[in-house]
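Side chains are part of it too, since the values below use all heavy atoms of this structure and drop only hydrogens, waters and symmetry mates. Residues: numbered from 1 along the sequence shown. What you are looking at is a predicted structure, and each value in this text was computed from that prediction instead of being measured.
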Amino acid sequence: MRKTVFLGTVAVAGMAAGMAAATTLEDVKARGSLNCGVNTGLVGFASPNANGEWEGFDVGVCRAVAAAVLGDPTAIQFVPTTGKTRFTALASGEIDVLARNTTWTFSRDTDLKFEFVGINYYDGQGFMVPKELGVTSAKELGGATICIQTGTTTELNLADYFRKNNMDYEPVPIETDNEAQQQYLAGACDAYTTDASGLAAVRATFENPSDHVILPEIVSKEPLGPLVRHGDSEWGDIVRWTLNALVAAEELNISSANVKELAEAGTDNPEMNRLLGTEGNLGEMIGLESDWAVNAIAAAGNYGELFEKNIGENTPIGLARGLNAQWTEGGLIYSPPFR
């Protein structure tokens with residue numbers, strides 16, 4: 001009998017705690033804005049423009065989530081985070097989602113109790129050196145001083161690569177991309193290592209980008225994507241399927257320019273109609289309005305638009321699609337079906 005009473009008491013207490021705890025979706029709606037963790041400033045991915053407005057590839061993902069949930073891509077607070085502070089900000093609830101060129105790894109997904117909701121950029125770690133050094137391969141960097149962001153997978157990969165190739169190096173620890181740029185240009189290190197996309201972004205800000213070479217070696221797999229906290233599956237579904245909506249929209253030729261027209265007129269493609277909310281009840285399934293994906297695509301553009309506008313070959317960053325092309329074009333970008 002005592003056991004039954006005890007279990008009943010625990011059950012009631014658990015129910016009360018569950019009733020008292022608001023979900024992330026409820027918090028965001030009550031607050032009227034999304035709190036998004038981003039880089040402290042990485043051109044092309046997340047950085048404030050001359051007017052102080054945040055823009056970039058990762059910023060676009062957060063604006064899409066804000067539009068999907070709140071109907072307003074500007075209802076958002078951007079919280080700059082470093083490699084060290086980003087996970088604390090997410091775990092503590094300071095931010096609702098982290099979209100900061102963060103690598104999906106086993107330990108981050110499980111031990112840190114986060115949930116990666118997808119991959120928005122397939123990357124790998126590289127090295128940049130001044131052209132005047134005459135270095136053409138990372139295997140020529142034995143004994144070099146190397147600028148490296150602390151608290152990152154990059155730091156661990158660097159140690160693995162040099163150990164594997166029986167080379168020594170001297171790390172020059174830095175915390176932000178801006179600090180790395182300053183130290184590297186000041187000659188405090190012979191090379192700078194981070195994700196290859198980050199190297200391209202940093203080099204694009206230099207006065208003479210052509211004076212610096214990104215070496216050919218890619219020494220790791222760096223699947224980058226947004227993440228949320230464990231324990232709130234509804235919120236994870238919302239962020240995951242908002243990213244998927246941008247990916248699917250590109251494949252289906254839905255863009256920021258035509259999405260509202262297609263939603264109003266309807267199409268003869270059932271999956272397009274489900275994505276646009278004119279058939280079925282996908283929005284209802286994740287606690288959103290039927291036009292959630294329309295709002296997301298209108299705000300940020302489809303995946304291809306986001307890529308080309310912020311980091312594509314016609315931008316100073318100059319990245320080719322490569323692995324980040326749609327699966328129909330030989331890449332890895334692919335959304336599960338909307339049905």
Side-chain angles (χ1 to χ4, degrees), residues 6-39 46 54 58-82 84-100 102 104 107-118 120 225-246 275 277 280-300 336 338:
F6 175 74
L7 290 176
T9 302
V10 170
V12 170
M15 287 174 63
M19 291 170 62
T23 66
T24 306
L25 177 60
E26 291 169 339
D27 284 343
V28 170
K29 286 185 172 181
R31 191 190 310 131
S33 66
L34 174 76
N35 292 337
C36 174
V38 291
N39 203 296
W54 283 86
D58 289 332
V59 166
V61 173
C62 279
R63 291 203 184 279
V65 174
V69 174
L70 301 169
D72 181 359
T74 67
I76 187 166
Q77 293 293 321
F78 291 103
V79 180
T81 63
T82 68
K84 282 187 174 181
T85 65
R86 55 184 166 172
F87 298 132
T88 302
L90 182 59
S92 68
E94 180 184 357
I95 57 177
D96 307 307
V97 59
L98 178 64
R100 188 200 175 280
T102 298
W104 188 346
S107 58
R108 289 172 176 178
D109 201 6
T110 59
D111 193 43
L112 292 186
K113 307 302 181 186
F114 296 135
E115 180 179 352
F116 285 80
V117 297
N120 71 330
L227 57 156
V228 298
R229 289 178 293 278
H230 268 183
D232 191 343
S233 298
E234 178 187 41
W235 182 246
D237 288 342
I238 288 171
V239 181
R240 175 181 301 107
W241 283 98
T242 298
L243 175 59
N244 286 337
L246 304 185
L275 176 61
N281 63 336
L282 299 188
E284 181 183 342
M285 291 181 188
I286 54 175
L288 301 180
E289 300 294 331
S290 61
D291 61 353
W292 65 279
V294 172
N295 291 335
I297 297 163
F338 278 79

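- With sequence neighbours excluded, the residues satisfying side-chain hydrogen bond (donor to acceptor under 3.5 Å, both in side chains) with Arg240 are Glu115, Asp237.
- The shortest non-hydrogen separation linking Ala68 to Leu288 is O-CD1, 3.9 Å.
- The heavy-atom pair separating Val38 from Phe78 by the smallest distance is CG1-CD2, 3.8 Å.
- Between the CD atom in Glu234 and the OG1 atom in Thr23 there is a gap of 5.0 Å [rounded to 0.5 Å].
- The side-chain heavy atoms of Leu34 and Val69, taken from C-beta on, include no pair separated by under 4.5 Å.
- In this structure, the separation between CZ on Phe338 and CG on Leu282 is 7.5 Å, given to the nearest 0.5 Å.
- At least one side-chain heavy atom of Leu227 sits under 4.5 Å from a side-chain heavy atom of Phe87.
- The line from CG of Leu90 to NZ of Lys113 is 14.0 Å long, rounded to the nearest 0.5 Å.
- The shortest side-chain heavy-atom distance between Trp292 and Ile238 does not fall under the 4.5 Å cut-off.
- The shortest distance between side-chain heavy atoms of Asp96 and Val239 does not fall below 4.5 Å.
- What you find for Ala46 and Asn39 is that their closest heavy atoms are CB-N, 4.1 Å.
- Nearest heavy-atom pair across Ile95 and Cys36 is CG2-C, 4.1 Å.
- In this structure, Trp235 and Val117 have side chains that are not in contact, with every pair of non-hydrogen atoms separated by 4.5 Å or more.
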Go through it in stages, so that I can follow the logic: the residues are Ile76 and Leu70, the test is side-chain contact (heavy atoms from CB on, under 4.5 Å), and I'd like the CA-CA distance, side-chain angles, deciding distance and then a yes or no. CA-CA 10 Å; Ile76 187 166; Leu70 301 169; over 6 Å; no
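- Under the side-chain hydrogen bond (donor to acceptor under 3.5 Å, both in side chains) criterion, Asn35 pairs with no residue, sequence neighbours left out.
- Glu289 places none of its side-chain heavy atoms less than 4.5 Å from the side chain of Asn295.
- For the atom pair Cys62 SG and Gln77 CD, the distance stands at 12.0 Å (nearest 0.5 Å).
- Taking all atoms of both residues into account, the shortest heavy-atom contact from Arg86 to Thr102 is NH1-OG1, 3.2 Å.
- The main-chain N or O of Thr81 is found under 3.5 Å from a side-chain atom of Arg100 such that the two form a donor-acceptor pair.
- Scanning all heavy atoms of the two residues, the minimum distance from Ala299 to Arg63 falls at CB-O, 4.3 Å.
- Counting only distance, with no hydrogens or angles, the side chain of His230 and the backbone of Leu112 share no donor-acceptor pair below 3.5 Å.
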